[in-house]
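Chain identifiers are assigned alphabetically (A, B, ...) following the order of the sequence lines, protein sequences preceding nucleic acid strands; residue numbering begins at 1 within each chain.
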Amino acid sequence: MNAKPPEPVLKSQRKPLLQISDLTVDFDTPTGWLRCLHGVDLEVYPGEILGLVGESGSGKSITCMALMKLLGPRARIRGNIRYKKQDILTLDENELTQMRGRDIAMVFQDPVMSLNPVHTIGRQIVESIIYNTGIPALNHTKPTGEQIAGMIEKHQRVTGRDARIEAERLMSHVGIPETKQRLKEYPHQLSGGMNQRVMIAMALAGRPQLLIADEPTTALDVTIQAQILELIRELRREIGMSIILITHDLSVVAETSDRLAVMYCGRIVEKGPVEKIFSNPRHPYTRGLLASLLRIDRRIDTLYSIEGSVPAPYEMTQGCAFEPRCQVALDRCKSDQPALKTGPEGCSIACFNPQSGKSAAFTVLNKQEGVPHVFQQKQNGQPLLEAADLLKYFRIRKRGGLFGKEKNLKAVDGVSFSVNRGETFGIVGESGCGKSTIARLLLNIHTPTSGAVMFNGRKISGLPPARWRKIRLHMQYVFQNPLDALDRRMKIIDQVAEPLLIHNIVSVSMRRNMAAELLRSMDLKNYTFDRYPHELSGGQQQRVVLARALILKPELLICDEPTSALDVSIQAQVINLLTRLRKQMNLTMVFISHDLSIVRHVCERVAVMYLGKFVEVAKSDLLFNSSAHPYTQALLSAIPIPEPGLNRKRIFLEGDPPSPIDLPPGCSFRMRCHIARQICAEDRPELKSLKDGQSVACHLAHGKA
Amino acid sequence: MSIQFIIRKIFRALLTIWIIVTFIFIALRISGDSALLIYGPDVSAKALATLRKAWGLDKPIWQQYLIYISNIFHGDLGKSYLDGRNAIKVVAERVPKTLSLMWVTAVITLLIGIPAGIYSALHHNTKRDRITMTLAVMGLSIPNFFLGVLLILLFSVSLRLLPSAGSETWKHYIMPVITMSTAEAAVFARFTRSAMLEVLNQPYIRTAIAKGVPWKKVVLEHALPNAAISIVTMAGFFIGSLIVGGVITENVFAWPGVGRLLVNSVANRDLAVVQTIVLLISLSMVTANLIVDLAYGWLDPRVRDLRSEES
């Protein structure tokens with residue numbers, strides 16, 4: 001499934017389909033022109049997948065938007081973008097409209113937001129077909145504006161029906177079932193994965209030779225990501241078009257791309273064939289990115305992380321943009337800008353001091369690979385946190401009848417677990433599985449429909465607010481988006497000191513000192529203390545949130561997707577900090593995430609959740625090495641591994657999870673399960689223990705054991 | 001859109017009207033003794049008693065309320081104290097004149113306001129945008145009565161081009177319509193501009209451009225239907241301000257409509273007529289909002305689904 005099409009011809013002998021040279025983009029801001037791209041050179045060969053990688057602010061999206069001229073009137077684009085024989089930057093508005101969708105098509109990150117909410121799926125695909133077929137493409141003839149308009153008009157009248165047939169064909173091509181029904185539906189009625197397929201169908205309408213996919217799977221769950229990436233690979237195989245895949249995820253690149261270009265601060269810092277760069281990365285930034293990757297198939301104690309964060313365009317200094325974060329920087333790097341130089345084997349690099357072989361970071365990491373990861377656990381019998389048969393139903397009214405029937409949405413459907421002191425318990429699952437509802441139940445934001453939460457042996461669910469306040473002293477939480485969790489009009493230090501004020505536990509003069517001390521221990525510099533949240537980077541913000549949660553020295557910390565909003569290099573910093581702090585403070589943690597790689601790294605025990613139920617609970621290493629539930633196995637196999645050319649057998653889950661409102665009888669996973677039998681449809685499996693504390697809710701796993 | 005949803009909305013509208021009707025009743029009773037108000041303070045107790053009996057004011061308050069409600073159902077809102085005719089009839093005579101003025105004003109307002117807003121949004125942050133918005137702010141800041149008087153001074157008194165009072169010919173419409181439309185069109189221009197700007201920044205607009213839809217079509221077929229959802233919200237308020245603006249404008253230009261009748265009736269303490277007009281205004285406001293609500297569902301499929309789940 002992973003096989004790449006045969007490409008005997010050497011890249012250097014082929015002519016690129018798209019050649020970007022010296023592309024600069026400036027934005028008109030109130031303080032003058034702001035340069036966001038500094039001379040990008042990039043080429044795409046026919047039939048290849050080019051991975052364009054970088055953290056947020058690296059300019060990868062701007063590059064691709066520039067070559068479609070989608071940046072709007074406030075952007076000044078200079079340089080040369082040669083598509084076939086034409087310079088895209090010299091095209092007029094009519095020619096651009098012609099080129100878009102027909103020669104180059106684009107798929108965006110958030111498929112639900114990227115489709116027009118008031119038009120049906122069918123109308124949007126048909127529109128793409130109408131505007132992108134029938135009239136000669138670029139370079140053949142050059143019709144005038146009126147001619148084009150006339151042809152579009154004529155075309156529209158002729159092919160209204162044909163276009164619908166073609167739309168259905170495209171939809172089934174990209175794996176959308178029940179196309180007739182789907183045509184009439186609106187984007188909000190479909191899942192994210194389905195919407196992304198619609199976007200791809202729309203992009204394919206004009207049979208473009210180049211497809212730009214801008215983070216096409218970032219907003220999707222892992223199992224859906226695996227489906228979409230497989231679809232993209234298949235399309236390349238079948239149609240042979242070139243694809244630029246923009247992503248922040250190097251693992252995705254390793255699994256899909258032929259060539260790779262790494263961007264940093266509006267420049268390409270390294271590019272070349274994927275295998276070459278993964279096996280021998282030479283730019284310090286590429287090396288850092290690769291080293292800080294979390295891998296599902298390995299476990300290490302301390303993650304490598306790149307110090308600092310990506311500077312904003314207005315903070316840029318004279319020399320190499322990476323110099324402040326670089327460990328091998330030379331004096332030259334401060335003053336001069338390294339140019340992108342072509343090296344052997346089709347690799348190019350922009351660095352005065354390119355590295356090779358395994359760096360210090362790599363060797364340290366490799367030594368620790370596979371080292372079992374043991375935390376001292378103070379076992380004193382009683383668990384710190386217990387959840388007993390938690391149930392949370394939301395009442396939903398569905399259509400039908402004059403007043404409608406009330407139905408239950410079973411967000412959490414009978415979940416029990418206990419967390420020992422000093423332990424980190426992970427809950428993983430895809431969006432909508434109910435993992436965040438559990439966090440809210442633990443924190444008393446929701447009251448459980450039935451069941452109870454016990455903290456320190458006392459029942460805490462349903463307590464009145466006044467008594468909750470005392471418990472919150474011992475129980476703190478960190479949520480996903482740090483900027484939303486912070487008060488934007490309050491200084492950092494005051495926010496961190498605020499819990500002390502609320503609980504009135506130390507003297508006024510001590511509060512700021514304590515807050516400052518804690519912030520310093522989290523590697524936040526003094527100058528940040530009197531700033532406001534928006535002035536800090538995402539990683540710094542999340543550390544402030546963490547400091548605010550920890551200043552009360554809680555026993556329990558509940559983290560709901562604490563790193564999902566952060567860049568890869570920053571994510572590693574925050575995870576390392578969390579690991580260090582929990583050892584220092586002997587914290588007990590409940591760690592909720594969709595990302596199995598992080599959960600594996602952080603947690604001792606992990607529960608896998610599907611549609612409101614735990615389907616498997618096991619010690620972390622056991623779960624990742626010998627998972628028993630088919631859903632866990634599928635999740636694990638859906639995660640991309642940053643090793644190009646790795647051929648592994650994968651389980652692809654089909655379709656989307658069913659709605660938690662009308663759950664079928666029997667096992668709720670059986671419709672997507674690759675080993676389901678008759679019994680799965682009749683009887684709902686309960687969570688039963690296997691061995692070594694591993695328990696699983698699957699009829700077939702128990703039969704096997 | 002489900003039928004339940006429409007029924008529920010209509011039911012809510014009726015509930016609102018009942019609350020308004022009750023409120024009018026209470027307001028009228030606590031505003032003082034109607035008999036005294038009509039006859040004035042220098043009147044004999046006997047005359048007052050007779051009047052109270054004639055108007056049913058001597059009955060217990062709850063009976064008065066029930067009679068009042070049942071009268072409304074029979075289309076009887078009392079008689080004008082001035083000429084003894086049915087109040088509804090008195091008001092109904094004036095409705096066509098007011099409606100014709102409102103209708104013309106509404107069309108002119110929307111035809112100027114919405115395109116101006118779109119034009120401004122499409123030329124965001126350019127000179128054209130700034131000029132349009134400056135004009136809008138100017139239009140917004142001139143009070144109706146002042147603009148009306150200004151127009152009369154200019155076109156009727158100095159230039160003698162247009163009639164200053166009455167409603168007989170199309171020429172009579174020109175100044176009242178300009179007076180009312182100016183501020184309203186300015187409001188619509190500003191609102192349409194911001195609605196369009198928000199929509200134009202949405203990812204689906206970028207998608208439409210990226211798939212090769214010509215810019216004109218992107219604006220008309222992708223941006224406008226989405227912006228319309230927020231513009232429709234304005235329509236509800238628009239009816240309200242048309243009515244308020246109408247009262248002032250009708251008086252400035254001696255337009256024989258409901259607004260003028262309202263002012264006269266208030267001056268003459270003709271409570272039955274005032275009450276009828278207030279009821280008419282609230283009815284039209286409730287209807288306008290009902291239409292706005294239904295229009296949401298028609299314009300926005302997300303709302304449609306949300307509602308059928310709620311209902």
**Fill in**
Checked Asp300(B), Leu299(B), Asn125(B), Val213(B) vs chain A; the most non-hydrogen pairs under 4.5 Å come from Val213(B)
**Request:** Using a cut-off of 6.0 Å, state whether more than 12 heavy atoms not belonging to Gln63(B) lie near its atom CD.
**Result:** yes
**Pairs where residues 195-204 of chain A contributes a residue and the test side-chain hydrogen bond (donor to acceptor under 3.5 Å, both in side chains) is met, not counting sequence neighbours** = Arg197(A)-Gln227(A)
**Contact listing (chain A partner; residues 199-211 of chain B; heavy atom under 4.5 Å)** = Gln202(B), Pro203(B), Tyr204(B), Arg206(B), Thr207(B), Ile209(B), Ala210(B), Lys211(B)
**Item:** Members of residues 104-124 of chain A whose heavy atoms come closer than 4.5 Å to chain B
**Value:** Ile104(A), Met106(A), Phe108(A), Met113(A), Ser114(A), Leu115(A), Asn116(A), Pro117(A), Val118(A), His119(A), Arg123(A), Gln124(A)
**Message:** Can you confirm whether Phe25(B) is buried at CZ, in the sense that more than 12 heavy atoms of other residues, nucleotides or ligands lie under 6.0 Å from that atom?
**Reply:** yes
**Item:** Contact leader toward chain B among Gly101(A), Pro187(A), Pro73(A), where contacts are heavy-atom pairs under 4.5 Å
**Value:** Gly101(A)
**Request:** Taking all heavy atoms of Gly212(B) and all of Tyr131(A), pick out the closest pair and write down the distance.
**Result:** O-CB, 3.8 Å
**Message:** Just so I understand: if I count every heavy-atom pair under 4.5 Å between each of Glu93(A), Met65(A), Glu127(A), Lys69(A) and chain B, which residue has the most?
**Reply:** Glu127(A)
**Request:** Pull out the residues in residues 202-210 of chain A that come under 4.5 Å of chain B, heavy atom to heavy atom, sorted by number.
**Result:** Met202(A)
